[in-house]
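The structure under discussion appears below in the form of structure tokens.
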Number of protein chains: 2
Amino acid sequence: MEVLLGLLTIEPMSGYDLGQVIRDSVGHFWNESYGQIYPNLKRLAEAGQVTAQTERQKGKPERHVYSITKKGRKRLAAWLEVAPQPEIPRNELLLKLFFGAQISPKISIQHVERMVESERAFLREFKRIELEEIAKSEQYPDAPYWKMAARFGQLELEAHQRWGEETLDELRKIAKKQRKHTEKRKKKSHAEK
Amino acid sequence: MEVLLGLLTIEPMSGYDLGQVIRDSVGHFWNESYGQIYPNLKRLAEAGQVTAQTERQKGKPERHVYSITKKGRKRLAAWLEVAPQPEIPRNELLLKLFFGAQISPKISIQHVERMVESERAFLREFKRIELEEIAKSEQYPDAPYWKMAARFGQLELEAHQRWGEETLDELRKIAKKQRKHTEKRKKKSHAEK
DNA sequence: TTGCCATAGTTCTAATAGATATATGCTTAA
DNA sequence: TTAAGCATATATCTATTAGAACTATGGCAA
């Protein structure tokens with residue numbers, strides 16, 4: 001909920017815009033579905049923490065643009081000062097890997113490869129964002145903070161890539177060992193025929 | 001739900017045990033509340049994927065020990081082969097940092113320091129676990145997989161520590177600059193009196 | 001004309017954390 | 001002796017959330 005207030009300090013926006021901006025600016029560490037955005041904007045408006053202006057648009061549907069109020073800024077500031085709660089972890093890849101002995105190592109290899117590949121694309125995206133932030137840093141007082149948040153994502157992705165490489169090595173060793181073992185088995189069974 | 005099946009492949013356990021084991025073994029990347037554990041065990045039992053045995057205990061309440069069935073093993077294996085979905089991020093510290101320009105840098109410093117300190121304790125815990133895993137690795141076919149999952153946590157924590165240090169440096173610079181600016185302001189306002 | 005896409009918003013379902021509560025016993029302190 | 005605290009063990013409930021599914025407005029292309 002407070003992410004809406006935070007983003008409205010940058011500029012007034014519609015619910016749809018907020019959804020887009022959340023995805024594009026804080027999406028690597030925060031998520032908010034439209035199922036929450038719209039009802040929460042309504043709540044915030046009722047509480048006098050944002051105001052809504054209806055706009056007619058050419059070629060598009062009519063939209064409600066929300067602006068933060070003084071009251072909203074106060075609420076945001078109060079929230080920002082509260083100690084953050086830790087993230088609740090829920091990493092399906094790791095859970096599947098943890099029980100990996102129940103399946104072929106080839107499957108685990110695929111799971112890890114998929115992650116490594118998709119996160120590589122995100123890493124490239126961070127490089128691009130970094131260049132943009134440098135260009136913007138004179139315009140916005142928030143920019144150093146944005147950069148710090150982005151840096152977290154970058155370091156995390158680098159750690160994931162490193163882990164991915166190590167883990168693929170290990171899994172390939174296990175797969176090789178198993179193949180050997182399977183071949184041994186086959187040989188033995190052939191000899192028995 | 002499938003984490004329950006996975007852990008029951010290791011040994012039969014009660015719901016309470018499962019809660020403890022989840023916290024202690026996969027807790028750095030997976031969470032499951034008792035609000036899910038009990039209803040899900042019931043569901044799994046109804047589906048014939050686990051069986052329940054009631055035990056009387058001396059000095060403690062009666063307990064239901066669950067064992068995985070063949071059917072349960074099949075379900076687990078099928079689930080393990082499905083491509084994992086990415087984690088939904090929700091990192092409150094980063095969100096609060098992102099909007100840090102709205103508050104004093106001192107508050108942001110506190111938030112980051114708190115994280116660095118608490119994750120340092122987790123890092124020490126990983127070192128301890130690592131020694132244990134080495135000792136166990138002959139006993140369990142799963143042990144290499146457990147080690148890989150633990151390694152992820154370790155690398156992630158190291159990345160967080162690194163980020164924390166960089167970020168505290170940066171925040172301290174901002175705070176210093178602001179203090180200077182505030183003193184300049186004070187001087188100026190004093191001169192105007 | 002229909003389908004697709006983008007903008008814009010709403011409702012609904014399934015899932016989850018964690019708070020709260022209950023129950024069984026044992027131990028310790030008042 | 002009683003109450004509180006603790007561990008084991010389970011169950012219920014509330015608030016929150018993602019994302020699927022849906023509706024609406026327009027424009028453009030097949």
Side-chain angles (χ1 to χ4, degrees), chain A residues 1-5 7-8 12-24 26-46 50 52-66 79 82 84-92 95, chain B residues 1-5 7-8 12-24 26-47 50 52-67 79 82 84-92 95:
Chain A
M1 166 113 81
E2 278 83 5
V3 66
L4 304 180
L5 291 175
L7 290 173
L8 291 174
M13 290 185 239
S14 70
Y16 185 78
D17 290 334
L18 281 163
Q20 305 266 57
V21 170
I22 286 165
R23 198 192 62 212
D24 295 337
V26 302
H28 76 278
F29 63 86
W30 197 263
N31 190 67
E32 203 86 26
S33 72
Y34 286 116
Q36 274 66 62
I37 293 176
Y38 293 112
N40 282 336
L41 281 172
K42 199 167 171 186
R43 249 171 238 131
L44 288 169
E46 280 163 2
V50 300
Q53 207 88 318
T54 305
E55 287 183 1
R56 259 238 127 295
Q57 284 191 103
K58 196 153 185 207
K60 296 180 197 175
E62 162 177 298
R63 75 189 195 136
H64 305 147
V65 176
Y66 294 87
W79 177 74
V82 178
Q85 296 284 39
E87 212 170 359
I88 293 149
R90 209 158 181 86
N91 186 323
E92 200 178 315
L95 189 62
Chain B
M1 169 114 78
E2 277 84 6
V3 66
L4 303 180
L5 290 176
L7 290 173
L8 290 174
M13 289 187 238
S14 71
Y16 185 78
D17 290 333
L18 280 162
Q20 305 266 59
V21 169
I22 286 165
R23 197 192 62 213
D24 294 336
V26 300
H28 77 276
F29 65 84
W30 198 263
N31 190 70
E32 203 85 28
S33 73
Y34 286 115
Q36 274 70 62
I37 292 176
Y38 292 113
N40 282 335
L41 282 172
K42 200 165 169 189
R43 251 172 236 129
L44 289 169
E46 281 163 4
V50 300
Q53 207 87 318
T54 305
E55 287 184 4
R56 260 242 124 288
Q57 282 190 106
K58 195 154 180 193
K60 297 179 195 175
E62 164 176 297
R63 73 190 200 135
H64 306 149
V65 176
Y66 294 87
S67 307
W79 177 76
V82 178
Q85 296 283 38
E87 211 170 358
I88 293 147
R90 207 156 183 90
N91 186 324
E92 200 179 312
L95 189 61

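Order of the sequence lines sets the chain letters (A, B, ...), proteins ahead of strands, with each chain counted from 1. Because the structure is a prediction, the values reported are computed rather than measured.
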Quiz prompt | B:Gln20 side chain near D:dT8 phosphate (N/O to OP1/OP2, under 4.0 Å) | solution = yes

Quiz item: Between D:dT17 atom P and B:Leu95 atom CG, what is the distance in whole Å?
Solution: 12 Å

Quiz prompt | Pairs meeting criterion salt bridge (charged side-chain N to carboxylate O under 4.0 Å, His left out) with involvement of residues 35-44 of chain B, two or more places apart | solution = none

Quiz item: Expressed in angstrom and rounded to an integer, what is the separation of A:Ile88 atom CD1 from D:dT17 atom P?
Solution: 10 Å

Quiz prompt | B/S/- contact track for nucleotides 21-28 of chain D, protein heavy atom under 4.0 Å | solution = ---BBSS-

Quiz prompt | Nearest-Å distance for atom pair CD/C1', residues A:Glu55 and C:dG9 | solution = 15 Å

Practice problem: Inspect the surroundings of CD in A:Glu55 and state if more than 12 heavy atoms from other residues, nucleotides or ligands are less than 6.0 Å away. | Solution: yes

Self-check item: From CA spacing to verdict: side chain to side chain contact (heavy atoms under 4.5 Å, CB included), B:Leu44, B:Leu8
Solution: CA-CA 12 Å; B:Leu44 289 169; B:Leu8 290 174; 5.8 Å; no

Quiz item: Just how far, in rounded Å, is C1' of C:dG18 from CD1 of B:Ile22?
Solution: 15 Å

Practice problem: Round to the nearest Å and state the distance from A:Leu18 atom CG to C:dT10 atom P. | Solution: 13 Å

Quiz item: Using a heavy-atom distance cut-off of less than 4.0 Å, which residues of residues 33-41 of chain B contact DNA chain C?
Solution: B:Ser33, B:Gly35, B:Gln36

Quiz prompt | Spacing of A:Asn31 atom CG relative to D:dT17 atom C1', expressed in whole Å | solution = 9 Å

Practice problem: Would you indicate whether B:Gln20, at its atom CD, is surrounded by more than 12 heavy atoms from other residues, nucleotides or ligands within a distance under 6.0 Å? | Solution: yes

Quiz prompt | A:Glu62/A:Thr54 under side chain to side chain contact (heavy atoms under 4.5 Å, CB included): CA gap, chis, key distance, verdict | solution = CA-CA 7 Å; A:Glu62 162 177 298; A:Thr54 305; 3.6 Å; yes

Quiz prompt | Passing candidate, side chain to side chain contact (heavy atoms under 4.5 Å, CB included) with A:Leu7, options A:Leu4, A:Leu5, A:Val3 | solution = A:Val3

Quiz item: Got a donor-acceptor contact below 3.5 angstrom from the B:Arg90 side chain to the A:Asn31 backbone?
Solution: yes

Quiz item: Closer than 4.0 Å, any side-chain N/O of A:Arg90 to the OP1 or OP2 of C:dT16?
Solution: yes

Exercise. Hey, can you tell me if B:Tyr66 and B:His64 have their rings parallel, tilted or perpendicular (30° and 60° cut-offs)?
Key: perpendicular

Exercise. Find the distance B:Tyr16:OH to D:dT8:P and express it as a whole number of Å.
Key: 4 Å

Quiz item: Expressed in angstrom and rounded to an integer, what is the separation of A:Met1 atom CE from D:dA18 atom C1'?
Solution: 16 Å

Quiz item: Under the side chain to side chain contact (heavy atoms under 4.5 Å, CB included) criterion, do B:Leu18 and B:Glu32 qualify, and how do the steps go?
Solution: CA-CA 9 Å; B:Leu18 280 162; B:Glu32 203 85 28; over 6 Å; no

